[in-house]
Structures are given as C-alpha cells and as structure tokens.
Amino acid sequence: DGGITQSPKYLFRKEGQNVTLSCEQNLNHDAMYWYRQDPGQGLRLIYYSQIVNDFQKGDIAEGYSVSREKKESFPLTVTSAQKNPTAFYLCASSLETGGKKIAKNIQYFGAGTRLSVL
Amino acid sequence: LAKTTQPISMDSYEGQEVNITCSHNNIATNDYITWYQQFPSQGPRFIIQGYKTKVKNEVASLFIPADRKSSTLSLPRVSLSDTAVYYCLVGDRGDMRFGAGTRLTVKP
C-alpha cells in the first residue's frame, strides 16, 4: 500500500539525549514536512523539504535538525538543545508540480510519533 | 504568509448542516484554499480544495466568494463521527500554515 510511515509510534527521550524520528513515504512525492502538535493546539511547521538534498526551516526549527538524502526519507532529529520536546510529531508529504506557479500541494500525513521526556 | 482566521469551536446536532467560515484577507493570486479534518492522535486528512466559486465532493462543499477573502466549508447532515478539528489553509508549499483550527462537536 502507498503511504507515509512514521516510526516509532512512541518514543522516550532522556535528558541530554538526541533522538531521531523516522518518516518514509512511497508515494513518490517531492515535498516532505515535519510538524509539531502540542495538546489542544494546531500544527506548527518545523522543517520542510521540496526536493532531495534541500530543506528549509519552518517556524520552530530551533533544537531540531533534518536531512533529505533520499526522496523517500525525511528523518527528524530532536536534539538536546530542544528543552521542551514532549509533543506529537507529524510527518507529511505532497506532490510538487515542478516549476508551475500554482501548486495544489495536498499534504498526506503519517500516523505520528508521540515523544515524551523521561 | 497568508494568515487564516476561524472560529475556535462550534457545536451542532446530528443531521444538521454545518458551515465553518475561514477568513483569509491577504490571500495571494496563486493560492488555493484547502481544508483538512483531524481526529485525536491522528494526522490531518484532506477534505476538499478550491480556488474560486464552489467545489463539491462526496463529503463536503466549499464556497468561495469572488474576492476570495473568505471561504466556507459546508458539511451536510453531520453525524457523531464528524466530531473533529477542521483546519483551513491557504498558500503554496512551504508558505502554508495550519492555524488552531475549529473544534466541531456534534451532539446526539
């Protein structure tokens, strides 16, 4: 089945530890995104990538890092610099239209990873 | 970035039609308007997208006036399972932002 797979579903981080959240898609989508959602709040954009080997900071990139070495994969590392990492993390992907000004950019989401601090 | 404004919450009853309006005064010429639905502990799911006038699919309708400064998501005959948060987004690629959304509660 085509879709977006996030793993693990639950993750616990110790003080001072870096952790990496996995996001894989087999939809052949160009763009991928990482969002953070706190309880009762909307989604906030952490990073996004429109093509392989390129990514841009979103609104809350501090304390996070990403890589985009393959089209299918967009892992997110929550570093020790992120002092309040407890949240629900969502990965999404969308199909780019390649050079056209008008892009529909419908995002498809994974099931999410819930990160907690021990 | 095109900013959107939606009501924080709405209540409805089963079988009623629900209309959720989103304001986006600084929408750009090339921006589409996209609505998503989110259930607790799940990722948002695409509902409908439009550019102007009216769009309809099997689950919802989207009404966009000529000036495109607002849009209205219409859910016909809601059921308890439509209880969720609904987000309105405008923009393109990395310019799109999820706001706080509208929490719709459908009551028996």
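Reminder, nothing fancy here: chain letters follow the sequence lines and each chain counts from 1.
- With a 4.5 Å cut-off on non-hydrogen atoms, A:Gln56 does not touch chain B at all.
- Residue A:Tyr47 is grouped with residue A:Ile60 when hydrophobic side chains (ILVMFWY) are merged at heavy-atom distances under 4.5 angstrom, including chains of intermediate members.
- With a 4.5 angstrom heavy-atom cutoff, A:Gln6 does not touch chain B via any of its atoms.
- For CG of A:Leu118, the number of neighbouring non-hydrogen atoms (other residues, nucleotides, ligands) closer than 6.0 Å is greater than 12.
- When side chains are defined from C-beta on, A:Arg114 counts as touching B:Ser41, because their heavy atoms get closer than 4.5 Å.
- Taken from CZ in A:Phe88 to CD in B:Gln42, the straight-line distance is 8.0 Å, to the nearest 0.5 Å.
- B:Leu62 and B:Val59 fall within the same hydrophobic cluster, where Ile, Leu, Val, Met, Phe, Trp and Tyr residues are linked whenever their side-chain heavy atoms come under 4.5 Å apart, directly or through other members.
- No path of Ile, Leu, Val, Met, Phe, Trp and Tyr side chains, each step under 4.5 Å between heavy atoms, connects B:Met10 with B:Phe63, placing them in separate hydrophobic clusters.
- Interface remark: A:Tyr108 contributes no atoms to any contact with chain B (heavy atom separation under 4.5 Å).
- Residues A:Ile46 and B:Phe98 do not share a hydrophobic cluster, clusters being chains of Ile/Leu/Val/Met/Phe/Trp/Tyr side chains in contact below 4.5 Å.
- How far CD1 of B:Ile47 is from CD1 of A:Ile106: 12.0 Å, rounded to the nearest 0.5 Å.
- For B:Tyr87 against A:Gln37, the heavy-atom pair with the smallest separation is OH-NE2, 3.2 Å.
- A 6.0 Å sphere centred on CD of A:Glu62 holds no more than 12 heavy atoms belonging to other residues, nucleotides or ligands.
- Among all heavy-atom pairs drawn from B:Arg103 and A:Gly40, the shortest one is NH2-CA, 4.1 Å.
- Annotation: side chain of B:Tyr36 is in contact with side chain of A:Gln107 (closest heavy-atom distance under 4.5 Å).
- Contacts between A:Leu90 and chain B at a heavy-atom distance below 4.5 Å involve the side chain alone, from C-beta outward.
- Atoms CG and CD, from A:Leu43 and B:Gln38 in turn, are 5.5 Å apart once rounded to the nearest 0.5 Å.
- Other residues, nucleotides and ligands contribute at most 12 non-hydrogen atoms within 6.0 Å of the OH atom of B:Tyr13.
- Contacts of A:Leu45 with chain B are made by side-chain atoms alone, with heavy-atom separations under 4.5 Å and no backbone atom involved.
- B:Ile20 and B:Val90 fall within the same hydrophobic cluster, where Ile, Leu, Val, Met, Phe, Trp and Tyr residues are linked whenever their side-chain heavy atoms come under 4.5 Å apart, directly or through other members.
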